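Just below is one structure, and these are the notes that go with it.
Just so you know, these numbers come straight off a predicted model, no measurement behind them.
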Amino acid sequence: MINREIIRIKIVQLTYAYYQNGNKNIDTAEKELFFSLSKAYDLYNILLALIVAITRESRRRLEVLQAKALREGRPEPSQKFAFNRFAIQLEGNRQLMEFIETQQRPWTDYPEFVGKLLEQIEQTQIYKDYMSGNDDDYATDRELWRRLYRTLIQENEDLDQLLEEQSLYWNDDKEVVDTFVLKTIKRFDEKNGPRQELLPEYDSEEERDYARKLFRAAILNADEYQRYMSEASINWDFSRLAYMDVIIMQIAIAEMLTFPSIPLSVTINEFVELAKVYSTPRSSGYINGMLDAIARHLIRQHRLMKQLDTTRGPQQES
């Protein structure tokens, strides 16, 4: 699950922190990096567990309504949502249950939030159409939760605030992790029952190696990389760079030089996007031009054995 997008984000954050906290122990910093990455995987499981928590609250309320209907001699309410097939399969998933046990049921401390979210679900047209529809199969049940997640969980300021209170590590994780939760919902197959596999923490050991090598290269070769910035900035006002700009470019150069298989255009584009989030409004255009110039400079100096798209020129924001 932890991909290079998440890894780049974490390395930008942890490299900045490395220079800010004054305790420049790279081994300690590397442990913090991998702990931060593990928290992203925790968030993935916690968001899946939220579906389970909502389903359990729905069943609890259903029992109350059933008892009331029995007393008043009225028809029992529908059990369709409370016993949604996909949600029941997720509730019994062995991997998720193991995680929930280690986290001491992560949503039990937030009954008001879970209850409010259930009520919001019940007010949506998605829910109403599902409850009144004639389709009664696993695919329909799974699609309901995919649509509810995209509508009420993926963009939810109350949830974002609650998660931020639980862990500062999750400030920038949720947007990426949401895509993996939706991918997981889509992958669920009824025939797999409780043995349905969730996404692994890492797709391969290669991703762990990528994180370790990029982080160490960015820090251990910082002086060299900053010299490349100076050499390539003849036509640029190097003093315009914010501190975060230097960090982002330092890591981008580390990726250019350390990973032969990653195209230069991919590296430049990825770190320009990070600059839009983590630095000043004008930084992305400046960094785009600088990284392009640095790549061309390193190629001319035979320090970089890659090719840069000849049609690609510095692209600055106006």
Side-chain angles (χ1 to χ4, degrees), residues 1-7 9-10 31 33-60 81-111 113-114 117-118 121 137-150 152-154 156 159-160 162-163 166-167 169-170 172-211:
M1 186 210 86
I2 293 174
N3 62 6
R4 293 186 179 182
E5 181 180 1
I6 295 176
I7 291 171
I9 290 170
K10 295 296 187 181
K31 289 178 182 177
L33 168 65
F34 282 103
F35 179 75
S36 179
L37 289 169
S38 73
K39 292 296 290 183
Y41 191 63
D42 286 351
L43 178 59
Y44 165 73
N45 282 277
I46 282 171
L47 291 170
L48 287 172
L50 178 57
I51 296 174
V52 173
I54 294 168
T55 300
R56 288 174 174 171
E57 175 61 15
S58 176
R59 286 207 302 271
R60 187 191 69 79
F81 181 77
F83 290 91
N84 175 285
R85 295 173 181 84
F86 162 76
I88 295 298
Q89 183 186 8
L90 182 62
E91 183 178 14
N93 183 270
R94 293 182 178 180
Q95 289 177 250
L96 185 60
M97 290 306 101
E98 288 176 4
F99 172 82
I100 289 176
E101 287 174 6
T102 63
Q103 296 294 312
Q104 298 179 343
R105 298 179 181 269
W107 291 103
T108 55
D109 292 337
Y110 303 95
F113 173 79
V114 173
L117 189 51
L118 173 58
I121 286 171
D137 54 47
Y138 180 86
T140 301
D141 286 3
R142 183 182 56 201
E143 176 62 13
L144 169 76
W145 268 109
R146 189 189 70 83
R147 296 180 65 193
L148 289 175
Y149 192 97
R150 292 185 63 183
L152 290 176
I153 299 177
Q154 191 166 6
N156 187 314
L159 176 57
D160 291 345
L162 186 151
L163 292 172
Q166 290 189 52
S167 175
Y169 290 101
W170 293 337
D172 302 293
D173 291 351
K174 186 173 179 294
E175 184 177 350
V176 179
V177 173
D178 280 333
T179 65
F180 291 112
V181 174
L182 289 166
K183 181 179 180 179
T184 298
I185 294 172
K186 188 175 181 179
R187 287 180 54 179
F188 256 60
D189 190 325
E190 186 175 21
K191 71 175 186 294
N192 292 332
R195 293 183 176 83
Q196 173 72 48
E197 291 187 0
L198 303 183
L199 297 178
E201 184 171 3
Y202 290 91
D203 290 339
S204 69
E205 189 62 29
E206 182 181 347
E207 298 307 304
R208 291 181 63 90
D209 289 342
Y210 167 80

If you look at every heavy atom in [X] and [Y], which pair is closest and at what distance?
X      : Y      : result
Tyr210 : Arg4   : CE2-CG, 3.7 Å
Gln95  : Leu198 : OE1-N, 3.1 Å
Asn192 : Gln89  : C-NE2, 4.1 Å
Thr55  : Ala87  : OG1-CB, 3.2 Å

Scan residues 83-97 for pairs that pass salt bridge (charged side-chain N to carboxylate O under 4.0 Å, His left out), counting only residues two or more places apart or in two chains.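 Listed once each, the pairs are Arg56-Glu91, Arg59-Glu91, Arg85-Asp136, Arg85-Asp141.
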Hey, does [Y] have a side-chain heavy atom less than 4.5 Å from the side chain of [X]?
X      : Y      : result
Leu90  : Ile185 : no
Tyr202 : Leu37  : yes
Asp203 : Asn3   : no
Leu144 : Thr140 : no

Once you measure the plane-to-plane angle for Trp107 and Phe113, does it fall in the parallel (<30°), tilted (30-60°) or perpendicular (>60°) bin?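 The rings of Trp107 and Phe113 lie parallel, inter-plane angle below 30°.
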Is it possible for you to check whether Arg142 lies under 6.0 Å from the centre of the six-membered ring of Phe188, through NZ or CZ, and within 45° of that ring's axis?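 Checked: cation-pi criterion not met.
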Dump the intermediate steps for side chain to side chain donor-acceptor pair (under 3.5 Å) on Tyr149 and Asp178, then the final yes or no. CA-CA 9 Å; Tyr149 192 97; Asp178 280 333; 2.6 Å; yes
Taking Glu57 for its side chain and Pro111 for its backbone only, find out whether a donor-acceptor pair lies under 3.5 Å.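 Looks like no, no N/O pair under 3.5 Å.
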Residues 39-46, side-chain donor-acceptor partners within the protein, below 3.5 Å, at least two apart:
{"from": "Tyr41", "atom 1": "OH", "to": "Leu199", "atom 2": "O", "distance (Å)": "2.6"}
{"from": "Tyr44", "atom 1": "OH", "to": "Thr184", "atom 2": "OG1", "distance (Å)": "2.6"}
{"from": "Tyr44", "atom 1": "OH", "to": "Leu199", "atom 2": "N", "distance (Å)": "3.0"}
{"from": "Asn45", "atom 1": "ND2", "to": "Tyr41", "atom 2": "O", "distance (Å)": "3.0"}

